[in-house]
Amino acid sequence: MKCRFFTISLFVAFFINFLCGINTVIAQKPIDRMGAANFTLFDDAWQFSRYGMQADGTKKDEPTGLESVSYNDAGWQKVDLPHDWAISGPFRIELEGSTGKLPWKGIGWYRKHFTVPATDAGKKVFIDFDGAMAYAKIWLNGHYIGTWPYGYTSFRMDLTPYLLPGKENVLAVRLDTESWDSRWYPGAGIYRHVWLVKTDYVHVAHWGTYITTPEVSDQKAKVDIAVTVANESQKQQQASVRTVVYELDSFNRYKTMVVASSPTNITLSAGNQKDIASQLIVPNPKRWSLEKPQRYVAITTVSVAGKTVDTYTTPFGIRTLEFTARNGFLLNGKRVEVQGTCNHHDLGALGAAFNLSALIRQLVMLKDMGCNALRTSHNPPAPELLELADKMGFLVWDEAFDAWKKGKRKNDYNKLFDEWHEKDLTALVRRDRNHPSVFIWSIGNEVMEQQNVELTKHLVDIVHNTDPTRPVSNGYNDPDGGRRSGAAVALDIMGVNYFFNQQPVWDADPRYANKPTIGSETSSCVSSRGEYYFGNDYQNWQISSYDQAKPGWGCSPDQQFRTNAKFPHLLGEFVWTGFDYLGEPTPYNSDETNLLNFRTDSSKKAELEAELEKIRKSRPPSRSSYFGIIDLAGFPKDRFYSYQSHWRPSLPVAHIFPHWNWEERIDSIVPVNVYTSGDEAELFLNGKSLGRKKKTEGNDFRLMWDDVKYVPGELKVICYKGGKQWATDIVKTTGAAAKLALQPDRKQIKNDGSDLAFITLKVQDAEGLMVPRSHPMVTFDIEGPGEIVATDNGDATSFVSFQSHERPVYNGMALVIVKAKKGQTGTIKVTARGEGLTMASTSINTKN
Ligand code: GAL
């Protein structure tokens, strides 16, 4: 039996039940969101219209007056948020590969008609955008309210001055992605959730709580709670503020009250705010850790004249962080090697449109692989990512920018830096500083001014002014330059992307001898799931999965593990990347920003320049990355088992690759590789031993049988650890493709309009073995109260729309993503058909 399937399914079942709240024992609503108690999702029933550049490349004039109340939007498209207007494509060959060959540039208008009860007249009413791409401008009832250009920042707008309680209101949002450039697919539209928040005129300010734990021991934790209370009324107010701390149970519901502050009475003058600090002691604190991510919640109430006017929820955790130059990173006093992945924000076939089930699916896979840290490359993430990281036990490197004053592209953050950097950076830190998962702030990635001492210091100071408790880093692709200039002195942690070669020199330099250092980006291995080539890693715009291919600045995972082993005092690594993402299909990417990796090496730069010129001429169809350890559809590539073996050494892992269907190579050599968490393995072909191989500690991260002559049959590996049998894997030559099989990740989903089931399709032979090189066209159908949201197969060169119900299988597998129709219960039946193949069907129940 393949142990890997077994372990994945156990993990998946546990986490998905836990995170999606499907468990029937849950009666009470779990705590999810920091903020005021009176909030509602504001995602439903928007009208959308697109102007400027259209999906087909034509242009449509943008009329004036689209914000006005009287404008007739009846003919606009009805959409629910989160919405990415570009993910439906079409893919166009002439568009840039670096942004996914998708038509994301345009001007998008969203309008929403809504009412609030007349009783809201005495309230403050805000709209919170978790993120809108890009250059958002907002109007209410024809009045301009404000703007937030950086598409990744969460922001709040005050609707109160122009709100008509008891009557119809019209909210209008204009987004402009024509003014934005990106090195990856950024998405387009109101692609994250929007919330309506109501408070009294005296209330806890936006992101107005800050909880730190300055002293933690087994006996007690000091919990400092700073609360900013705002008085937005026209008169002076006497208010009383109190915070009660509860322990949360493993489903994030209130468990027991732990401690409460005594009320603090304050006087707030009209239009002013005040900070109130209190210190509470939590006895026998349960620490937040990666294995047991225990959380607490602080409930702050504000009362005026004895009446509660605001209740504000702040989940937090109690843990200690220590970063050392000589002994790595310590969580709660215990060394934790950072085993992280970098990830962009898109969710594959769903595009940038945020979806909780899709993110949970990704994080469950990363956790199963042994990944313990996430880098939000290269921008502020959706708030839910932090909530999930808190709950599941991930560390987060929370990143602000990919560019400062000098852009990597024409319309990069450089256009915003002067006016917005302080606001964007402060918003990120204020929003995320109560999350126990956030352990490092990052002010940038490979920014052009990485040697600039003053600018580095300035940005570090902004972060420290808002949160002095966590270190600040920056991802350097020219770490030597940053250290030489002294810019890196201003950082708490040195972030090194790829170039570790001079590490011993810097370890000896007194300026850096005490600077904790991390591999903020590593490896950048590239591969296509299920492709194996002999003699050359690159064919037909795909890349061999022998896991040796990489761009000039990268290395194989094995090489990276060897490098890490040479520097055990460093904090660990963030692999580029956990998942394939839309855009940046290096090496078939003509994006010249890749040249920036070699800003100090002119010979390499010239070499890459020549390569890019060739690629530009050949118009590659590639539209998504090959960097992922897991492909765009969420199917693990072979590398997954390399990381799992290395990162979870106590899990029995054995993984043979390639597949064993090489009818054109009979008697030719097909090298066989094995990833294992064992230390020794014996490979058998049709029962005959091909020899036993042993790893050398710290040097071998895979076992290789390089001269295996192909004959059809069965490959079997028996892995050993410490001399004892540890794990086995079998790969067999399959028969011809005979049937289809469907396997949903969950048998029950909620009918809330967003919960998703991910159904894996496999092409099998008559015996039920997956046929690895099969690519039949498959048609998906759905019956009952459900909809097909998207399909995919992980092929980085496919131009088939993600919305299509017909999809070619890629190397034996495809994916169909399904949701329940809102409010409808029953059984959804999904069917897959392919010519000459026995059809498959599966069912999923929906529930309220
Ligand atoms: C890095 C960069 C990433 C990505 C990666 C590809 O230099 O920071 O954003 O482009 O290269 O290898």
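Counting convention: from 1, in listed order, for ligands and their atoms alike.
Listed by number with element, the atoms of ligand 1 under 4.0 angstrom from any heavy atom of Ser524 are 6 (C), 12 (O). Close approach of ligand 1 to Glu446 is summarised as follows: ligand atoms under 4.0 Å from at least one heavy atom of the residue are 1 (C), 2 (C), 7 (O), 8 (O). Listed by atom number, the atoms of ligand 1 under 4.0 Å from His378 heavy atoms are 3 (C), 8 (O), 9 (O). For ligand 1, the atoms closer than 4.0 angstrom to any heavy atom of Tyr498 are 1 (C), 5 (C), 7 (O), 11 (O), 12 (O).
Proximity of Trp576 to ligand 1, defined as any heavy-atom pair under 4.0 Å, is confined to the side chain (atoms from C-beta onward).
For the side-chain contact (heavy atoms from CB on, under 4.5 Å) test, residues two or more places apart in sequence or in another chain that qualify with Ser625 are Asp580, Tyr581, Phe627.
Remark: side-chain polar atoms of Asp792 are paired, donor with acceptor, to backbone N or O of Gly794 under 3.5 angstrom.
Put simply, the side chain of Pro585 does not reach to within 4.5 Å of the side chain of Ser624, judged on heavy atoms.
Atom CE of Met365 and atom CD of Gln644 lie 12.5 Å apart (nearest 0.5 Å).
The shortest separation from a heavy atom of Trp553 to ligand 1 is under 4.0 Å, placing the residue in contact. Residue contacts with ligand 1 include Asn445, since one of its heavy atoms falls under 4.0 Å from the ligand.
Cation-pi geometry between Arg529 and Phe635 is not met: the NZ or CZ atom fails to fall both under 6.0 Å from the ring centre and inside 45° of the normal. A cation-pi arrangement is absent between Lys101 and Phe799 under the rule of less than 6.0 angstrom and at most 45 degrees off the ring axis.
Among Glu521, Lys550, Lys408, Glu584, the residue whose heavy atom lies closest to atom 8 (O) of ligand 1 is Glu521.
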